[in-house]
Structure formats: C-alpha cells, structure tokens
Amino acid sequence: MKRSILILNIFTAGGGDHALGKKIKDIARSTQAEGALITVNAKTRHINIQGKEVFNQGKKLNYDDPVIIVTPHSLLSPDVLSTMLADFFYQLDIITCDTVILIDEMDVTRDAASSDRDYKAALLSLCLENIIVQSLGFAEKSLGYLPMPEQEVINVKKSAKQEIIKLLDSYNLSLPANCSLYLAYLSSDTVTTCAQIFIVNSLIEDSGLLNNSAYVLVCREKGSIERLLKNLKESLSGSIYNDLFSECHYSTMNDVNIFQCHGFSRGTGKKKVHIVITQTIPGTTFKNLTSISKTGMMSGDQSLSDYLSLKKRLPYYDKQTWKDPLIKGLNARARELGGEELLNKFKSMVAGRKAFNGSLSFKLLAPDDAPTLAMKSSLHAFNKEIYARKADGKIREILMRYL
C-alpha cells in the first residue's frame, strides 16, 4: 500500500466514541495499510490531539497524500470540522490530501445546517477530490452496525457461563439453573421509566416460563441508584403488575463490591424476582453477562452493537434524545415486515425522551399482552435482518477503493 490511513477519533465524554475509533482502526488495519489512530478532544475549535496509536508498522508513516477518516464526525459542526482539519494538515505538514471519509455514529439527531451536504460543502475549501460521508445505523441509507470481532464472540460464548459462576462464587452467590438472568445498561436520565419498562414488559413477555428471574441493572448516572431503588419499590408494590411475581427482592452493589439487601415486595404470582442495582461492571464481565442473559436492555451504540453480536437480536433500548433517527429507522422496518403488531411490539422495547420537547415515550404492556406465534415469527425475521446489517465489510470496501 502506498497510502497511509490516519483516523481522527473525535471524543467527548464516556467510552462510546473511543470504542468506535478502535473498531474503525481494526477495519483499517485489515487492509494492511500503515496508519495511526489519533484521538482528538472535541471541546476546542482547533486540533487538540490527546493520543496516537500506530498500526501495521513497517516503515515510517507516509504523510504524503494519506486517506483521512474522521469518526464520529457529527460531534463537530461542519465549519468547526473544516477548521480543525486545516489545522491538522498544517501541524503534520500534510501538503497533499485528496480523500476524507467521514463516518458517524448510529443515526443521530443533528443540529440545523449539519446535514451530509453541509459537511461536504464545508470541506470543499480544503481542495479535496473525494469527500465521503457515511453514518452507521439502521435508517435506509445507513451502513448498519459494527459487530464485535468474530473470534471475540466465540471466546465470550465459550467461557461466559464458567466465568460468571466463578465470579458469583467469590461472593458466595449462585445463579440456579431454574433462574433466568436479565441485564440492563441504563445511561439516560430516565432510568426509572426504562427499568420499569424492561422489568414489567419482559416479565409479561416471559409469563409462560416457570423460571425465577434475576435482574442486574447497571446505572451509569452517578447518584441514581438510591432514587431508582425507591421508585422501583413503589411501582412494584401493590400495583396491577404484582401478579407477575410472588416475591420481588431488592439489592444494591456499591463501588467496593459489597452487596446490600433492601427488603422485598410481596406479589400474587408464582415466580421469585431479584433486582440487583449497581453503577458499574467491568467490560469483560458485562459481555459475559450479556452472553448468558435471557433478555437485555442496552443504551447508546457500543452496548447495542455488542448485544446484537452476541445474541443475534435486538435488545430493549434506553433511548437518549439524540437517538430518535435510530429508532425511527427501526420502527419503519418493523412496520414493513410485520405491520402494526410488530411495530407495537418493538415500541414496547424502547423507552426514553423525545428530541426537542423532551417528553417521555414508552409503552407498558398489559398483564395479558403475551406475544402471539405470528408476532414471534415476525420478530424473528426482523431480528435476523437487523443482525445481518453489519457495516465492517462495507467500510473496508470504501477504504480499499481509495487506497
């Protein structure tokens, strides 16, 4: 390869932006071209490089006419991105560069004057010949999702159960064979609503199963655990849903990995439910729990993509306001495949605030609203199609075209 690949991984808070950059780096590395993953802080107008990781090292990086990838690009407005790139070219003494590829996170709500066309127009001042703008996600023109590496999926599925057994043994705990595990990652400010939707709807969905149920809720928002615990106790005590369980126990796990029990609610049903709330779980443990879980609720891009990779189906989803386009695209495809029945089913799996007005959007199932065989078949076809929409091959094809 004559041309090098320089990946500008723009980031703000959290780990999702970095995770996206690493996945793009792995795709770039598979082309055998030399390159570098360069992390860039999005909080300043000019280039603010925070780190650099070289890949496929064989000789000195070639800064003469490299292919530039910017991801996720919508963290910056078109004019700021153009200014930052010009500054980047100047700092690295890049005289010639004719190709910039912009790859955005999964379908996001953008500010006014931040369409794909606006980004292309802003970068024209850099005298580029090729400006490619793509987005991950499930809208009609989006590329799909970036899966976990195939070997990692195999390794996780192979070892997950034993790793979780060893982890539980260290706490003198166990997960009996007759107990189903449900895992949620909650990162929005609507943790109570999302947790209620996940717990109630999944219990109704699996009401035909005799298994007891254990729910592990990972709440990223600092200080949300006590509020969530209080709200769940209130909503599950004496409600129309208490026929879903005989007992519902509550526990929390703090930063020093100490479990605390917080009593239980009595119901009129037949299965026991245990809800455990924590703020953080190591990434490897989270993937292991995802692998052995019956159902999950995820948030953002990274946990959604990992869930799809491991489970081959969509999870429940804690939707941030800027993810309206992502859900809109999935809603449209659900209606096309299964009509209103499948659309309503998928809507029962999504909770969060709407963009612009901030109103809550969710759908609680009725106690007798169990899925029909026809709906299960439609949902299976929907999940099969979404799982197959992997973007890594498409991105590699784009790269190879310009290398």
Side-chain angles (χ1 to χ4, degrees), residues 1-10 17 20-21 23-40 42 45-49 52-105 107-108 110-111 113-137 139-144 146 391-403:
M1 294 290 179
K2 293 183 178 180
R3 305 179 76 179
S4 295
I5 301 172
L6 301 180
I7 305 167
L8 300 190
N9 181 205
I10 303 172
D17 301 330
L20 175 56
K23 286 186 174 182
I24 298 297
K25 178 202 71 178
D26 289 340
I27 296 171
R29 187 168 55 188
S30 74
T31 68
Q32 304 305 314
E34 295 171 335
L37 173 66
I38 301 169
T39 51
V40 179
R45 186 176 181 88
H46 295 279
I47 191 75
N48 184 3
I49 296 175
K52 179 179 175 182
E53 179 185 349
V54 178
F55 55 86
N56 290 343
Q57 298 183 56
K59 57 183 179 181
K60 189 176 180 181
L61 273 176
N62 183 6
Y63 290 110
D64 181 23
D65 195 22
V67 173
I68 305 288
I69 302 175
V70 182
T71 187
H73 65 269
S74 69
L75 293 181
L76 301 176
S77 66
D79 64 313
V80 172
L81 178 59
S82 179
T83 299
M84 189 205 73
L85 276 173
D87 196 25
F88 178 68
F89 292 165
Y90 177 77
Q91 284 196 26
L92 294 188
D93 197 24
I94 296 175
I95 306 298
T96 304
C97 176
D98 66 8
T99 302
V100 170
I101 303 171
L102 309 183
I103 302 175
D104 209 7
E105 61 178 302
D107 310 310
V108 291
R110 292 182 183 171
D111 296 333
S114 292
S115 68
D116 289 357
R117 183 180 298 176
D118 295 317
Y119 279 100
K120 287 186 177 182
L123 298 191
L124 286 176
S125 63
L126 301 177
C127 301
L128 300 165
E129 292 182 16
N130 307 303
I131 304 171
I132 301 93
V133 185
Q134 298 282 357
S135 290
L136 299 170
E140 186 176 352
K141 294 182 179 180
S142 298
L143 294 173
L146 289 175
D392 48 345
K394 299 173 185 176
I395 293 173
R396 190 176 189 280
E397 286 177 11
I398 293 170
L399 265 177
M400 294 299 293
R401 195 178 308 152
Y402 295 99
L403 286 176

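- At a threshold of 4.5 Å between non-hydrogen side-chain atoms, the residues Leu146 and Ile395 count as touching.
- A 4.5 Å side-chain heavy-atom check between Ile47 and Val40 finds at least one atom pair inside the cut-off.
- Put simply, CG on Leu6 and CZ on Phe89 are 9.0 Å apart, with the number rounded to the nearest 0.5 Å.
- To the nearest 0.5 Å, atoms CD1 (Ile5) and CG (Leu399) are separated by 4.5 Å.
- With a 4.5 Å cut-off on side-chain heavy atoms, Leu102 and Leu123 count as touching.
- Under the rule for a salt bridge (charged side-chain N to carboxylate O under 4.0 Å, His left out), the partners of Asp98 that lie at least two apart in sequence or sit in another chain are Arg3.
- With hydrogens and angles disregarded, a donor-acceptor distance shorter than 3.5 Å links the side chain of Asn9 to the backbone of Asp17.
- Although no hydrogens or angles enter the test, the distance criterion places a donor-acceptor pair under 3.5 Å between the side chain of Asn56 and the main chain of Ala33.
- For Ser4 (side chain) and Leu61 (main-chain N/O), no donor-acceptor pair under 3.5 Å exists by modelled atom type.
- Rounded to the nearest 0.5 Å, atoms CG (Leu92) and CD1 (Ile68) are 8.0 Å apart.
- For the pair Leu126 and Val100, the minimum side-chain heavy-atom distance is 4.5 Å or more.
- The main-chain N or O of Asn62 is never found under 3.5 Å from a side-chain atom of Glu34 such that the two would form a donor-acceptor pair.
- Summarising the geometry of Pro78 relative to Ala122, their closest heavy-atom pair is O-CB, 3.5 Å, with the distance given to 0.1 Å.
- With values rounded to the nearest 0.5 angstrom, Thr39 atom OG1 is found 11.5 Å from Ile7 atom CD1.
- Annotation for Ala42 and Leu75: closest pair CB-CB, 4.5 Å, computed over non-hydrogen atoms.
- Annotation: the span from Ile10 atom CD1 to Leu20 atom CG amounts to 10.5 Å, rounded to 0.5 Å.
- For residues 118-134, no pair satisfies salt bridge (charged side-chain N to carboxylate O under 4.0 Å, His left out), with sequence neighbours left out.
- Within the structure, the side chain to side chain donor-acceptor pair (under 3.5 Å) test picks out the following pairs touching residues 66-79 (sequence neighbours left out): Arg45-Asp79, His73-Arg110, Ser74-Asp104, Ser77-Asp79.
- Summarising the geometry, atom CG belonging to Leu136 is positioned 8.0 Å from atom OG belonging to Ser142; distances are rounded to the nearest 0.5 Å.
- With a 4.5 Å cut-off on side-chain heavy atoms, Phe55 and Asp26 do not count as touching.
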Practice task
Take Ile131 and Tyr119, measure what side chain to side chain contact (heavy atoms under 4.5 Å, CB included) needs, and give me the verdict at the end.
Solution key: CA-CA 9 Å; Ile131 304 171; Tyr119 279 100; over 6 Å; no

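- Under a 3.5 Å cut-off, the side chain of Thr96 and the backbone N or O of Asp65 do not form any donor-acceptor pair.
- When side chains are defined from C-beta on, Met84 counts as touching Leu8, because their heavy atoms get closer than 4.5 Å.
- In this structure a side-chain-to-backbone donor-acceptor pair under 3.5 Å is present from Lys394 to Leu143.
- For the pair Gln134/Ile101, no side-chain contact is recorded, criterion being any heavy-atom separation below 4.5 Å from C-beta on.
- Residues Asp93 and Tyr63 form no side-chain contact, since every pair of their non-hydrogen atoms from C-beta on lies 4.5 Å or further apart.
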